[in-house]
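It should be emphasised that the depicted structure is a prediction, and the values quoted were computed from it without experimental measurement. Side-chain atoms are counted along with the backbone in the values below, which use heavy atoms only and exclude waters and symmetry mates.
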Amino acid sequence: MQFLKMLFWCLLAFLAAAFTLGNWTTVPIRLVGGLVADVNLPLLLFLTFLLGLVPTLVWQHAARWKLRQRLSAAERSLAAVSAETSAYVTPVAPVTSTTTQPTV
């Protein structure tokens, strides 16, 4: 399984490198005030990818943090309830037999 994972990442890196080399052109971007920025196309695509990825990762991290907080609160309340119920239960002494078995 590790081999297939490594093969996948190597194939993905090769495709990214081939795309970068095949599309290494400058793209003019018109900015405010009549300014024009010349940006390489692979860099522009990478920046737009990060622009979409970073907010998603932040949202996912916040959702996981919220779920962890809810889980720890539920565990604390469960521990408190079990501690309360164990205080009401009286321990029962084990039953021992006083009669002896006849030996043959």
Just list the side-chain donor-acceptor pairs under 3.5 Å for residues 33-45, sequence neighbours left out, or say none.
none

Under 3.5 Å, which donor-acceptor pairs link side chains of residues 1-22 to any protein atom two or more places apart or in another chain?
from, atom 1, to, atom 2, distance (Å)
Thr20, OG1, Ala16, O, 2.8

Got a list of side-chain donor-acceptor pairs under 3.5 Å for residues 53-66, not counting sequence neighbours?
from, atom 1, to, atom 2, distance (Å)
Thr56, OG1, Gly52, O, 3.0

